[in-house]
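The next block holds one structure in the form of structure tokens; read it before the comments.
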2 protein chains.
Amino acid sequence: MLINELSKKTGLSIHTIRYYENLGMIKGLTDEKVKSNNYKHYNSNTIERLEIIIEAREVGFSLAEIKKILTSWFETTDSKPETLELFQAKIKEIDDKMKYFKQTKRLLEKVCEKIQNDD
Amino acid sequence: MLINELSKKTGLSIHTIRYYENLGMIKGLTDEKVKSNNYKHYNSNTIERLEIIIEAREVGFSLAEIKKILTSWFETTDSKPETLELFQAKIKEIDDKMKYFKQTKRLLEKVCEKIQNDD
DNA sequence: TAAAAGTATAGACTTCGCTCTATGCTTTAT
DNA sequence: ATAAAGCATAGAGCGAAGTCTATACTTTTA
């Protein structure tokens, strides 16, 4: 599929997809058989990768961090202990953030109660 | 307490604290009795506010949004329905983000398993 | 009393993550 | 065959959230 279809399937703008491609987070391939253009083709793996990007950026991970996650998940075969440690640290980060989420949610709920009781 | 102490108690840099003060998210008071300087004094309420800021920015809320939360929590007495709706929407946002958190956490756990099994 | 450290204000600079514009080539539609 | 739409690259611009620097005054310390 070409970039337009990819954009529609993921909900990301064409500009954003190209931005991620420039950062090396996804990769389209130009069809060797067609030499008249250099249009890039994307496959279902690209969609998978973009969905992971969307999820992880919601969590607040930087694009650089997300790139590492993608590499370890899709490309790397070696099992470096430091990579393992990195991701274990990320899991801990998520758990920590969950705490902030729960606290902030509770605060917002209290704010709502306060507003409703001020009638 | 002066800004240096506030910085140490919250872990935020003096620059960041001043930045938040310029945005109107916190407010220090100059001691009227001391006219020779205009040093600002902060109290425990400022610490509370900064702790809320730290929590909520982890959640991904913008400083403008956080400012609204602070105002509703500490200052406002009126109960506008649109404010209530705003915060209810924010609570929903948090719930949605929680889903992404769980998915990303699961992915990271799988990445860790993959690394460990590749031995 | 002189030096060092703390405080305030203003504004420049930086990074991140887009977003948009210009230009030019290719393909599709009429 | 011409116009419209799609694709690519390069680079400019932007808003958010800091971060840093310069300058000047005040307070503390030696």
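Fair warning: this is a prediction, and the values are worked out from it, not measured in the lab.
Across all strands shown, A:Arg57 has heavy atoms under 4.0 Å from sugar-phosphate atoms exclusively, and none from any base.
The listed nucleotides are D:dA17, D:dG6, C:dA8; the one nearest the side chain of B:Tyr19 is D:dA17. Which of D:dA17, D:dC7, C:dC18 sits closest to the side chain of B:Ser62 comes down to D:dA17. Checked against C:dT27, D:dC7, D:dT27, the side chain of B:Ser36 finds its nearest nucleotide in D:dT27.
A residue-by-residue look at A:His15 and A:Phe61 shows that A:Phe61 has its nearest nucleotide of DNA chain C further toward the 5' end.
Taking atom CG of A:Leu2 as the reference point, atom P of D:dA5 lies 18 Å away to the nearest angstrom. B:Ile66 has its CD1 atom 12 Å from the C1' atom of D:dA16, to the nearest Å. The distance between atom CD1 of A:Ile14 and atom C1' of D:dA5, rounded to the nearest whole Å, is 11 Å. Spacing between atom CG of B:Leu63 and atom C1' of C:dC16 amounts to 15 Å, rounded to whole angstrom units. As rounded to whole Å, 13 Å separates atom C1' of C:dT7 from atom NZ of B:Lys8. When rounded to the nearest whole Å, the span between CG of B:Asn22 and C1' of C:dA8 equals 10 Å. Rounded to a whole Å, the OH atom of B:Tyr20 is 14 Å from the P atom of D:dA16. What separates CG of A:Leu6 from P of D:dC7 is a distance of 10 Å, to the nearest Å.
No option in A:Glu21, A:Lys27, A:Arg49, A:Lys9 other than A:Glu21 meets the side chain to side chain donor-acceptor pair (under 3.5 Å) test with A:Tyr42.
For C:dC16, neither phosphate oxygen OP1 nor OP2 lies less than 4.0 angstrom from any side-chain nitrogen or oxygen of A:Lys67. Dashed line: the shortest gap from a side-chain N or O of A:Lys40 to OP1 or OP2 of D:dT9 is under 4.0 Å. The phosphate of D:dA17 has neither OP1 nor OP2 within less than 4.0 Å of any side-chain N or O from B:Thr16. Within the 4.0 Å cut-off from OP1 or OP2 of D:dT26, not a single side-chain nitrogen or oxygen of B:Asn38 is found. Side-chain nitrogen and oxygen atoms of B:Ser13 include none within less than 4.0 Å of the OP1 or OP2 phosphate oxygen of D:dG18.
Over its full length, the helix from C:dT1-D:dA30 to C:dT30-D:dA1 turns its helical axis through 10°, comparing axes from the five pairs at each end and rounding to 10°.
Taking a cutoff of 4.0 Å between a charged side-chain nitrogen and a carboxylate oxygen, A:Asp95 and B:Lys105 qualify as a salt bridge. In summary, A:Lys92 and A:Asp96 engage in a salt bridge, as defined by a charged side-chain N under 4.0 Å from a carboxylate O. A salt bridge links B:Glu93 to B:Lys90: one of the charged nitrogens lies within less than 4.0 Å of a carboxylate oxygen.
A:Asn38 and A:Thr30 get closest at one heavy-atom pair: O-CG2, 3.3 Å.
Residues B:Tyr19 and B:Met25 form no side-chain contact, since every pair of their non-hydrogen atoms from C-beta on lies 4.5 Å or further apart.
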